[in-house]
Amino acid sequence: MAIAVQFSTRPLYLQVRDALADRIVRGEWQAGAMLPNEVELSRQLQVSQGTVRKALGELEMDQLVTRRQGRGTFVNDLTQTETLRRFGHLRGPDNRPAACEVSHHHMRAEAASEVERARLGLDLPCRVLRIRRIRSAGRRPFLLEDIVMPAARFPGLERQSDPPVKLSALAQQFGLLLGGAEEKITIAKADHDAADALAVPPGAALLRLDRLVHLIDGRPIQWRVAHCHLMDRHYFVQTGDSGRKRKHEAASLARMP
């Protein structure tokens, strides 16, 4: 039976990507399953084989599938450690993900501010979940996070006694597929709030991370502003680029006060 892609002003290959991603999140294709070949998918979706191929390329860059030459396209296991850590960019001196624990976690649901609505693309009236977290290593706090998410996307989360900390885990729990993120990295002076949370002097240099995470269809799902005292850590990002990998690494800033 043919499955027609709904009309949209978005490019057709992105509509096809979204349709395939929806079938993955609904469990039609489980982790490790092989997708139908391009000819069959183009028949089901009533689009060209080239459009399907481009959509599959997008899914691979989003780490939802892996294409194996001569074998087919397979659904990735979204519970794998590397997938869950794709928004965790802090690394230690050995370039491995920095070990840390959450030493403080507070969540509340409130009416969205004008700035929050603008960043998250929300309509009136709406509520957001505001989360404040402090991450520590060896009982020493190094990261203060202020997070905002649309409450409608995470119904009942504020009532959970022990909610997941990682955004990837939250997305799995609520049936959401994460896409990419855009992040602005600057240096900021610690105000009294950040200085108190991170146990540094007011005015100390901190890494400021302003990040907006999108769902696979481009809609914003989380706005996070974090202040980080790197100590012996550095910031590392690896992204997909047309099937190849690019690496971007921020300066260590290990000598920051």
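Residue numbers start at 1 and run along the sequence shown.
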- Task: Could you walk me through whether His106 and His104 pass side chain to side chain contact (heavy atoms under 4.5 Å, CB included), step by step?
- Result: CA-CA 7 Å; His106 177 71; His104 174 79; 3.8 Å; yes
- Query: Rounded to the nearest 0.5 Å, how far apart are NZ of Lys54 and CG of Leu59?
  - Reply: 13.5 Å
- Query: Looking only at heavy atoms, which two atoms of Ala109 and Arg127 are closest? And how far apart?
  - Reply: O-NH2, 2.8 Å
- Query: Going by an N to O cut-off under 4.0 Å, is there a salt bridge joining Arg208 and Asp210?
  - Reply: yes
- Task: Measure the spacing between CG of Asp193 and NE2 of His227 and express it to the nearest 0.5 Å.
- Result: 9.5 Å
- Message: What verdict does the side chain to side chain contact (heavy atoms under 4.5 Å, CB included) test give for Val65 and Thr73, after you've listed the backbone C-alpha separation in whole Å, the side-chain angles of each residue and the deciding distance to 0.1 Å?
- Response: CA-CA 7 Å; Val65 302; Thr73 302; 3.7 Å; yes
- Gap between atom CG of Asp18 and atom CD of Glu58 - 0.5 Å precision: 10.0 Å
- Please step through side chain to side chain contact (heavy atoms under 4.5 Å, CB included) for the pair Leu129 and Leu157, ending with a clear verdict. CA-CA 9 Å; Leu129 296 175; Leu157 179 62; 3.7 Å; yes
- Message: With clusters defined by side-chain heavy atoms of hydrophobic residues (ILVMFWY) lying less than 4.5 Å apart, directly or transitively, does Ile134 cluster with Leu206?
- Response: yes
- Verify the cluster assignment for Phe174 and Ile131: are they in a single hydrophobic cluster under the rule of side-chain heavy atoms below 4.5 Å apart? yes
- Message: I need the Leu215 CG to Leu177 CG distance, nearest 0.5 Å.
- Response: 8.0 Å
- Which pairs count as side chain to side chain donor-acceptor pair (under 3.5 Å) when at least one residue sits in residues 107-117, sequence neighbours excluded? Arg108-Glu110, Glu110-Arg130, Ser113-Glu116, Glu116-Arg130
Which side-chain N or O atoms in residues 29-37 pair as donor and acceptor under 3.5 Å with protein atoms at least two apart or in another chain?
unit_1 : atom_1 : unit_2 : atom_2 : d
Gln30  : NE2    : Gly27  : O      : 2.9
Asn37  : OD1    : Val39  : N      : 3.2
Asn37  : OD1    : Glu40  : N      : 2.8

- Begin with the C-alpha distance, continue with both residues' side-chain angles, and end with the deciding distance and a verdict on side chain to side chain contact (heavy atoms under 4.5 Å, CB included) for Val75 and Thr66. CA-CA 7 Å; Val75 178; Thr66 297; over 6 Å; no
- Message: With heavy-atom distances below 4.5 Å as the criterion, would you say the side chains of Leu209 and Val225 are in contact?
- Response: no
- Message: Has Thr51 got a side-chain atom pairing as donor or acceptor with Val47's backbone, closer than 3.5 angstrom?
- Response: no
- In terms of hydrophobic clusters joined by side-chain contacts under 4.5 Å, are Ile216 and Tyr13 together? no
- If you group Ile, Leu, Val, Met, Phe, Trp and Tyr by side-chain heavy-atom gaps below 4.5 Å, do Leu212 and Leu176 land in one group? no
- Message: If I compare all heavy atoms of Ala190 with all of Pro201, which pair ends up nearest, and what's the gap?
- Response: CB-O, 4.1 Å
- Are Leu207 and Trp223 connected, step by step, through hydrophobic side chains (Ile, Leu, Val, Met, Phe, Trp, Tyr) whose heavy atoms are closer than 4.5 Å? no
- Task: Can you measure from CZ (Arg17) to CG (Leu12) and round to the nearest 0.5 angstrom?
- Result: 12.5 Å
- Note on the structure: Nearest heavy-atom approach of His229 to Ala205 is CD2-O, 4.2 Å
- Item | Atom pair CG/CD1 of Leu120 and Ile221 - distance to nearest 0.5 Å | 8.0 Å
Using a 3.5 Å cut-off and no angle test, enumerate the donor-acceptor pairs between side-chain atoms of residues 137-154 and protein atoms at least two apart in sequence or in another chain.
unit_1 : atom_1 : unit_2 : atom_2 : d
Glu145 : OE1    : Arg133 : NE     : 3.0
Glu145 : OE1    : Arg133 : NH2    : 3.3
Glu145 : OE1    : Arg135 : NE     : 2.9
Glu145 : OE2    : Arg224 : NH1    : 2.8
Asp146 : OD1    : Arg132 : NE     : 2.8
Asp146 : OD1    : Arg132 : NH2    : 3.2
Asp146 : OD2    : Arg132 : NH2    : 2.9

